[in-house]
Every structure is written in structure tokens, then in C-alpha cells.
Number of protein chains: 2
Amino acid sequence: MASFLRTASRTLPATRRFSAQTPSIATIALQRRHASSAAANGSQPFFPDEPVEPIVKTQIPGPQSKAAIEKLEKVFDTRSLNMIADYGRSYGNYIADPDGNVLLDVYAQIASIPVGYNNPTLQLAATSPEMASAIINRPALGNFPQHDWADILETGILSVAPKGLDQVFTGQSGSDANELAYKAAFMWKRQQQRGGANVDFSDHEITSAMNNQSPGAPELSILSFKSAFHGRLFGSLSTTRSKPIHKLDIPAFDWPQAPFPALKYPLEDFAAENAAEEQRCLDETERLIKEWHAPPTAVVVEPIQSEGGDNHASASFFRGLRTLTKKHNILFIVDEVQTGVGATGQFWAHEHWNLESPPDMVTFSKKAQTAGYYYGNNDLRPNKPYRQFNTWMGDPARAILFRAIIQEIKRLDLVRHTAATGSYLYDGLARLAEKYPGEIMNLRGKGQGTFIAWDSGRRDEVLKKAKAVGVNIGGSGERAVRLRPMLVFQKHHADLLLERLERIFGS
Amino acid sequence: MASFLRTASRTLPATRRFSAQTPSIATIALQRRHASSAAANGSQPFFPDEPVEPIVKTQIPGPQSKAAIEKLEKVFDTRSLNMIADYGRSYGNYIADPDGNVLLDVYAQIASIPVGYNNPTLQLAATSPEMASAIINRPALGNFPQHDWADILETGILSVAPKGLDQVFTGQSGSDANELAYKAAFMWKRQQQRGGANVDFSDHEITSAMNNQSPGAPELSILSFKSAFHGRLFGSLSTTRSKPIHKLDIPAFDWPQAPFPALKYPLEDFAAENAAEEQRCLDETERLIKEWHAPPTAVVVEPIQSEGGDNHASASFFRGLRTLTKKHNILFIVDEVQTGVGATGQFWAHEHWNLESPPDMVTFSKKAQTAGYYYGNNDLRPNKPYRQFNTWMGDPARAILFRAIIQEIKRLDLVRHTAATGSYLYDGLARLAEKYPGEIMNLRGKGQGTFIAWDSGRRDEVLKKAKAVGVNIGGSGERAVRLRPMLVFQKHHADLLLERLERIFGS
């Protein structure tokens, strides 16, 4: 069976080609074959109906895209727009646009598409009566959860809970998840300071809280790291230190930032120097924990700093943070919003660290298509109800989708697969880096699945040229090219990516 | 045709009765008749298949509910749980539980269900190929919007934009919507202070922003009102002043709160006194705008303070706020998260005010089933991209659902209908208040659709007894009973509610 995308582009009349209303698209989409589990063990494609290579028909944006952008600009800020997409025609690892261009997508909605566009297994979940009910009967989960909410959690979100964590508080975005975790940390610490769950709030606390003053609104903090990204709401933005454009003009809490290790590559050539750098950062973290005027109640860290430029640190550094937080009786929050759900070759990136005791909280979003934080300690449940609460507290529709994603990941063995594909891709990139040392600098992500990046002296130009040769790639930080393919990215996609990169580097 | 709910509960074997897996439920649900538009003009029910009255079979929670709660408690905090719901069996104005109880729901997921549980029109939207694509191909909207995003906005969210506002920034919850609006306000004010959109950030601003210090992270504020509720994220919580339990132990910005008018009821008996009270609040608001150490860049206000106890103020008060904010060159943000989408008898509650110029921003969520803020002034678009940005920036699936909700509201003329039903209900409650003066105090919401509340000396007991007589009602503030029926609430539901209230008051 030929690729639907190629067939359709040849046979549909041009005027009907990209209308969302064309019934044949939906009909054909439903006939797509489910991703093949046989592929997990060999070189067969997961998506037999996927295009065999990118199709570039026009400059991007082409005329149809330009018309759509012009229309959209009147009502919606389009200055951050990268590409107008036609999701009805996107499939597997390929993203389509209204001009008939179909690109290999290794950015995947900023690392948020887990198992391919229009994955037929997810389509089944999305068209189930259970999903329809979740869409139209959205509950206030804290007050009126559905009778099968425990089942949905246990067979979905909690079935992949990090080791040692068995409870979840659901939310709506990565920022939201982090702020919920921060709130849990503040309540936990103040409860300790008061003398336990049974000690009630004082009148002074109650009065001062209503006036946004200490002690009710305490002068405590969350410690984060230089170049970190934890979101853009007011609390999470106070822990974000990635780029000025994220923070300028927005009031912030006076919370501390520790240095994040600036490692030198290749790691094996700078082992001693890098270890010293990590120790310096741990020492400064400890100093801030002990001395900052608003004492930290938690340290929050990304396993790999993503928006900040794909900055890595060793497992030993993170074990050091776990030790420090235990020593000073504060919490260790691991922000797995971008690293979670398989892309690093483990389901959660912090599994690479072999921690002696689990993180206190792990936040998630993006590929999970829902959000929240895991925890395992009952003391992280506030002493009274309605302290950690909001109307929606997540979205059962998205929790049901995540369950289907988890099932697809397990069925196709995608975490193990991603570890292997990542290794293959990394080796290919290492060869390219030798051949084009000016193009690929500080290649990083070895042993971290497909979570791979490098620095480029002409990053924005590379990203732009990538589109012209049929690949959608993203950047991070000031000069990093970051790869964030989906979990269904395979060796033949890696070959294609390497070949297109070489075309760019040679041009 | 008999009610499905009653038929099903009679004929299905008990063991299969409440399983979400029972295929017959979904099948029968799809056969439900669409809400009848004939009902808008008379006493015909919108939902011919709705139960004719509540069914109370067990104490609430009953044995099945208790088992579900016990199971859920292990993984999810259930202390704020009000009632376990079976949404597959809920329909129209009625919410069902796993024990076969079916209650008239005038709380509606904290004012968030607009057109009835399992509304067949929404079910069509929820099972469309367009919705399936939106669920499984969730885009990073700011980077990769779908080609028909402008259409979805224009035929949906923007088709009900408040007068004078023609752009939207989409978000994920009411809290999120407010924080996005606050960020827009801070960026707008700092741009003015810098001298316009073309004046670049200074090095000092850039450096200080990265350290969470002024001037990059400016010492500016948002002014809110005593008893206000604007959300629970760190910025929005700093403007929330409803209850200590919402705020205790969470760090907050030192932002100002103005007094909100404490009106005396019945309004007509205290006209002069109430006018003086409102003037006092306006004067104090102006003083804070002029004198607060962190100058307010915006005033945020709910048209009716909801969580804070259903506190009303006159149109004149809100016109006064519009005047003050214009006078002092700051923004006027109207938080319509709870009041928006028809329940007050206008699509937006601030339409009751006859403002000379529109609010600068209007935030929405809840009944819209999506979230965001409307604005009309191009200066509220930040001077550069990526300043107001996040990965998801809303959810097209929820935007598509809101479009279907809007279509249903228009088809059934539900805003006009709600104004009329609200008037009928208010008159009935006024009669009850005369008969039971100890039970209904400070009745409020006249002319505000079904957005009605009163104070009760035994509020929590009334809410509990309401369940026993088949009605799900919510509270707000310390002693208010708040009614938040759906827009499909009709006179026969009002009669039923009044009759059940009288049973409670007589007991």
C-alpha cells in the first residue's frame, strides 16, 4: 500500500487538497494501519503508511501558509510562529503544511508528541465513548471526581510513576505542575516549622496571609539553577533563568539561583575538570541553602536543562543534590516536563542517576499530554483539604489519552527502542562532527536516548536550511541545535536526518 | 419516550448497572434527542429525556460511592470530595452517582457545565474527526498553529468577544488566564515607562531581570479587592483575598487590596448608604493607586465576587473603576472566569454596566471549557515575540468544544432564556425569604440571571440536607448558598428547587 500522503497529493484536485472539511481525509485516516509492533525488533517501520522521505514543494512558508498566517495575525500574535501545520495530513514522524510540504519532524511540538501524529491507537482512544464523556462532562475533579478516576490513574499516570512515588496531583501544564509542587513544598516546610500537622495556624499567620505578609505568606524560597527553565507563571518564572526575554518586565520573587555545571566536551577528555566544576556548583548550592535570606524549602532541577541550551550534568552531581537536600531537610523536586516519558532511553530521565532515595516530587507534562506531580510521602498532603485545590485539577480527557500513550509505548517497547535509536543517531552525529568540526560542537546526549544536542556557530541559519531540505528541527539556548524526535523515530529516520544535515553542512 | 435514566435503572441487572464499560450506555446515550429549541419559547423541556425529578436511593455517599472513595483516597487526596459522580449516567441538569442517585445539579462543577451533561450537540462535536485530531495532535500553538486556527477562533471564541475587544490570548485555566493578563499589563506599563515599543531593554534591565531584581523584574503590582478570588498560582494568588486556607504558607507579592463594597440588602432600602459605601471603596482604590509603594499597573475585579461570598456592587461602582483606571493610566481587567458565558443573563456580566469604553482585558474560563483573555488594544501585544508564550498556549480541543457550546447557546437562545428563568427563580426565592426569614438572608442577584445567592445561618447543614432531598448545591464565602445552575435550567427546575428548599427549611 502506497503512502496515503503521497497518493493523496497526486490524486486529489488541488482545490480540495487541504480542506479540513474533505471527508475522505478522515475516512482514509481511520483506515491507517496501527503501528507495527514487529518494528520494535528490526528495521521494519512502525508506520508502514508513513512517507518514505520528506516532500518539499514550495518555500516554507508557501503561498497557502502565508495566506493562513495573514489571516491569523489579525486575531492572534503570530510573531513566534514557526510553521503553519495541517495536522489532518501529518502522520507518524512527518508534519505537513497547507502547501503540501511534508517534513520529518524532530522537534515534535517542542518535545510534546510522543508516538506520532495521527497514531491510529490514539485515534481509537480519542474516538471512544469514554473520551467523549470526558470532553463534554469535564468535572471539578477535587469535588466531583468520576467513579472510575482511581482506575484511570492506576492504569495510566500511576502505572509509570517513578520508583518510590505512588501518589499524584494532576494539573494542566508544566508551569502549573511546578507551581503545585512548590506550593506542596512550602506547606510541608511550614507545617514542620509549626510543629506538625495537628498544630493549627495562629491568628497572626491567618491575618498576615490575607495581607500577603510574613509569617502567613512566608519569606521562603525555591532554589533553582542558572539557565534553568521551569515555566512562565509568576512562581515558576521566578525559578526560570534561561533567557531575559522570558523574564523582562515581570515582577519576581527574590529567590536564589545556584550555578549549573558548565561541562567541557568531550566529557572523557575533561573528567577531572568537570568533576571539579560539579563540586563547585554543589558547594555553592549548599552555601545558598544555608545562607539565603529567604531559606529554600526545595531545590528544583531539570535532569537535562532543555530551554536553557541542553546542558547536562553527571549522575554524580544529581546524587549530590539528593544528599544535600536530605542533609538540610529540604525537598528535591525533579522537573521532568521535557525529559520525561521515554526520550532519554529511560521512562524518567532521573532513572539514569541510581539515586539511593527517590526525589520527593517529580513533575511532568509535554509528552504526557497532561501534567502534574508525583510524590510518595504522605506528609506532602497538606494538613487540611482545599489547600491544594482548583476547579479542574487536570483534565480526565488528557489523562485518558496519556493512558493510551503509555499502552502504545509498552506495546511497541518504545523506551528500549529509543535508547537504541539514540545510540545509533549519536554515533552518526559523532562521525559528522569529526567531518564538520565547525558545524557540530560540544555534541551531547550520549547514552541519553534521542535527547541529543550540539552547539552551532550558525544555529538559526541551520534551522532555516533544515526546513528547505525537509526537516523540522528546533533550537535551545543561544546556539544549541536540539533534537527532540518522537519515540517512534527509527534508524531509517536517523539516516535521513544525518543525510540532510550533511547537505546543510556542505552548503 | 421514557427517560433513559429511569428506564435503565429499572432494566439493567444491578451488577452491570454502573460500569463504564457497558456498551449499551454509550449506545443509548448516542440516541438521546438533541435539546429542543422549541423549549426556548415555552415550557417544553430542553431535554425531553431528562429525569422528571431527582432520584435518591441511598444516603450520599452510598455503598458504591464509599468503595470508590476508599479506592481513590490511596492515590489522590479526597478530603475535598463532595460527591463521586457517574458521568455516563448524568444528563442535562442531573448528576448521577454510582449508587443510582440522580440529583438536580445547581452547582454544575463549580459553575463550569454550560449546556447540560452529555448534551447531544456537544457529543457530536466531541466525536468529530476534527476533535479527534485536536486531541491526539496537540500543537505548540505559538509555534505550529493548525492551518484553521484563525477559523476556529473567529467562529468560536472571538464570535462572543466582548464589545471593543477583538483579539485573544488562549490559556488553560482561570488562574492561568489572569496571570497571562497580568503579564500583559506589566509589559505594557514598562514599555510606556521606557518610552515606547521601539526602545530596547537596557543592559541593567536585562541583568537585573535574570537576578529577579528591579528594574528588570519591576516593583509593580496588580490591585485587587478584599474577598476577591482570581486563582491559586503564585501571581494570581497574590490577588486572591477570599479565604486564609487559599493563601496560608504560600509566599506572596506585596500587592495592594482595596475594600470591596459591603452592600446592605434589600438594596432599595439602603440606596444612599450603599452609594456612600461604594464611593468610600472607590476613594480608597484611588488612594492605593496613587500611593502604594509598588505602583499598580492594573485593577482586576470580578463582576460578582464569587468564591468570596457572592458579593455584588452596582454598575455605577464598576463605571467608577473604569474612570479611575483611565485617569491614572492603568489597565482595567475584568475577571469573568465565573460570571462569563451567560449565567447572569448577559453573555458577559460586565455588559450590565454600560461602560463608556470597554475593559482593557476580559479573562474567561469555566463554562467556556477553555481559558484566556480578550483584548482590543494592539499595545497589549508585547513589543517582541516569545515574551507572552508557552508550549501549549491553550488547547484546540477545548476551543472546538467552546465553539460548539456557543452554537448551542445561540440555537437555544440560552442567554435570554437564563435572564427570564433567573427572574422567575429570584421571585420564588424572595417569596421563600419572606416566609423563612431566618433561612434566606441578603438575597442577591436580582436581574443577574440565575447568578443568585443568599446568606444562611446554617449553610453547611442546608447544603448537606439538599443532597438528601435530591439537589446538589454549592456554597461560597463563609455563609452564602450560591446557585450556579446551567444555562439549560428551566422554570420547572426552578419550581423543583424551590419546593426542595422549602422541605429543607421546614425540617
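Throughout, a chain's letter reflects where its sequence line sits, starting with A, and its residues are numbered from 1.
Salt-bridge annotation for A:Glu73 and B:Arg381: present, with a side-chain N of the basic residue lying under 4.0 Å from a carboxylate O of the acidic one. A salt bridge is defined here as a Lys NZ or Arg NE, NH1 or NH2 lying under 4.0 Å from an Asp or Glu carboxylate O, and A:Arg398 with B:Asp395 meets this definition. Residues B:Asp249 and A:Lys189 are not paired through a salt bridge, judged by the lack of any N-O separation under 4.0 Å between the basic side chain and the carboxylate. Contact check on B:Lys384 versus A:Asp77 returns no salt bridge, with no Lys/Arg side-chain nitrogen under 4.0 Å from an Asp/Glu carboxylate oxygen.
Using modelled atom types and a 3.5 Å distance limit, the side chains of B:Asp254 and A:Gln213 yield a donor-acceptor pair. For the 3.5 Å distance criterion, the side chains of A:Gln257 and B:Asn211 qualify, holding a donor opposite an acceptor.
Not one N or O on the side chain of B:Asn143 forms a donor-acceptor pair closer than 3.5 Å with the backbone of A:Leu81.
The only member of A:Glu307, A:Lys366, A:Arg232 that meets side-chain contact (heavy atoms from CB on, under 4.5 Å) when paired with B:Thr391 is A:Lys366.
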Let me see the working for B:Tyr117 and A:Ile136 under side-chain contact (heavy atoms from CB on, under 4.5 Å), right down to the final yes or no.
-> CA-CA 7 Å; B:Tyr117 292 113; A:Ile136 63 183; over 6 Å; no
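The distance between the ring centers of A:Phe253 and B:Phe253 falls below 6.0 angstrom.
Under the ring-ring contact (aromatic ring centres under 6.0 Å, His included) criterion, A:Trp149 pairs with B:Phe76, sequence neighbours left out.
Interface residue A:Lys74: only backbone heavy atoms are found under 4.5 Å from chain B. For A:Phe201, the part lying under 4.5 angstrom from a heavy atom of chain B is the side chain only.
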